[in-house]
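Down below is the structure, laid out as structure tokens.
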Amino acid sequence: MLNFEDIQRYFWGSWRIMNGHADGLELFDLSEDGFWQSFQAITVSLPPLILSWIVFANDAVAFRPETGTRLSLIGRIAFVDLTAWVLPLVVLLFVAPRIGLRNRFSVYVITSNWGSALVNWLVVPATLVHIFVPTRPQLSLGVDLILNAVALVLTYRLTHVALKKTYAYTTAFFAILVTGYIILVVVLQSVLGIAMPEPVTLG
């Protein structure tokens, strides 16, 4: 079972890698046990995820009451997020040997899991702005866009270090991964009948 020191070390390792320092890999347990242990990053991510699910459910109910109850919406969006976290890794497991990642698959999964957990905590301010400044939707949207753009850049850097490939390879891999993630989320939300909140008008 992970302790707080382990989580701190993995978060620091993720941050080092996200800033282009390959020595961050030395802070991870890259063994088979470390591979399976890395999925505890999902548990570590639950507080910020649950907060975002509650906010999403409240907004969805406010704009489209017919979508369902808050509890049912939280359950559905939780399923979407957790599936979108795990399913791409399962798919990658089967295709990794064919795309030259047989030897980097485990390293990528471990660092990706902990990197995702760190990112989930880093974007919490956007959720807090949405909660505490509800009358400024433009501000909330702006903070959200900025933090998610930063998270995307940091995740790309982590991917590049973890894969140990050329920038061209990493860029193609990352673009396919992000595109697949977006499509998966949109499809799952559509299938589960999750209503997206109304868009904010900036004009």
Side-chain angles (χ1 to χ4, degrees), residues 1-2 4 7 10-11 14 36-94 109-110 112-152 154-155 174 176-203:
M1 191 70 180
L2 288 175
F4 185 67
I7 296 171
Y10 297 149
F11 272 14
S14 297
W36 294 112
Q37 189 183 66
S38 72
F39 286 93
Q40 292 185 41
I42 296 175
T43 304
V44 174
S45 294
L46 283 180
L49 285 176
I50 290 173
L51 183 62
S52 70
W53 298 338
I54 292 172
V55 170
F56 182 96
N58 286 339
D59 287 350
V61 169
F63 286 112
R64 297 188 179 93
E66 70 277 7
T67 305
T69 65
R70 285 178 174 80
L71 186 59
S72 70
L73 278 165
I74 290 173
R76 281 179 275 168
I77 195 62
F79 176 81
V80 171
D81 279 356
L82 297 179
T83 299
W85 183 321
V86 176
L87 186 58
L89 298 179
V90 174
V91 173
L92 184 60
L93 169 65
F94 292 100
V109 170
I110 293 170
S112 174
N113 279 338
W114 288 112
S116 294
L118 177 59
V119 163
N120 282 324
W121 281 98
L122 289 177
V123 299
V124 165
T127 306
L128 295 179
V129 170
H130 187 84
I131 294 172
F132 293 110
V133 195
T135 58
R136 298 287 301 279
Q138 295 89 347
L139 174 62
S140 176
L141 178 62
V143 173
D144 185 65
L145 289 175
I146 291 171
L147 288 179
N148 277 284
V150 171
L152 204 61
L154 293 176
T155 304
F174 191 71
I176 293 172
L177 198 69
V178 171
T179 302
Y181 172 86
I182 293 172
I183 292 173
L184 177 60
V185 169
V186 170
V187 170
L188 288 175
Q189 287 183 341
S190 177
V191 170
L192 294 175
I194 300 174
M196 295 295 291
E198 293 289 339
V200 176
T201 302
L202 297 177

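Note that the structure is a prediction, hence the values are computed from the model and not measured. We number each residue from 1, following the sequence as shown.
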Looking at [X] and [Y], what are the two nearest heavy atoms and their distance?
{"X": "A117", "Y": "A41", "value": "CB-O, 3.7 Å"}
{"X": "V119", "Y": "A151", "value": "CG1-CB, 3.6 Å"}
{"X": "L192", "Y": "R76", "value": "O-NH1, 2.9 Å"}

With sequence neighbours left out, write down each residue that passes side chain to side chain contact (heavy atoms under 4.5 Å, CB included) with [X], or none if nothing qualifies.
{"X": "L122", "value": "W15, L118, L154"}
{"X": "V61", "value": "R70, L73"}
{"X": "L51", "value": "T127, L128, I131"}

Pairing residues for [X] by the side chain to side chain donor-acceptor pair (under 3.5 Å) criterion, not counting sequence neighbours:
{"X": "S45", "value": "N120"}
{"X": "Q37", "value": "Y10"}
{"X": "T43", "value": "none"}
{"X": "S140", "value": "H130"}

Quiz item: Is the closest side-chain heavy-atom distance between L152 and V178 below 4.5 Å?
Solution: yes
Next on the checklist: Is there a side-chain contact between S38 and V109 in this structure, where contact means two heavy atoms from C-beta onward sitting under 4.5 Å apart?
Outcome noted: yes
Table please: side-chain donor-acceptor pairs of residues 77-94 below 3.5 Å, with sequence neighbours left out.
{"residue": "D81", "atom": "OD2", "partner": "W53", "partner atom": "NE1", "Å": "2.7"}
{"residue": "T83", "atom": "OG1", "partner": "F79", "partner atom": "O", "Å": "2.7"}
{"residue": "W85", "atom": "NE1", "partner": "N113", "partner atom": "OD1", "Å": "2.8"}

Once rounded to the nearest 0.5 Å, what's the spacing between atom [atom1] of [X] and atom [atom2] of [Y]?
{"X": "L49", "Y": "S116", "atom1": "CG", "atom2": "OG", "answer": "10.0 Å"}
{"X": "I54", "Y": "N58", "atom1": "CD1", "atom2": "CG", "answer": "7.5 Å"}
{"X": "D59", "Y": "F56", "atom1": "CG", "atom2": "CZ", "answer": "8.5 Å"}

Given 3.5 Å as the limit, does a donor-acceptor pair link the side chain of [X] with the main chain of [Y], or not?
{"X": "T67", "Y": "R64", "result": "yes"}
{"X": "S190", "Y": "V186", "result": "no"}
{"X": "W121", "Y": "V44", "result": "yes"}

Sorted by chain and number, sequence neighbours left out, ring pair (Phe, Tyr, Trp, His ring centres under 6.0 Å) with Y181 holds for none
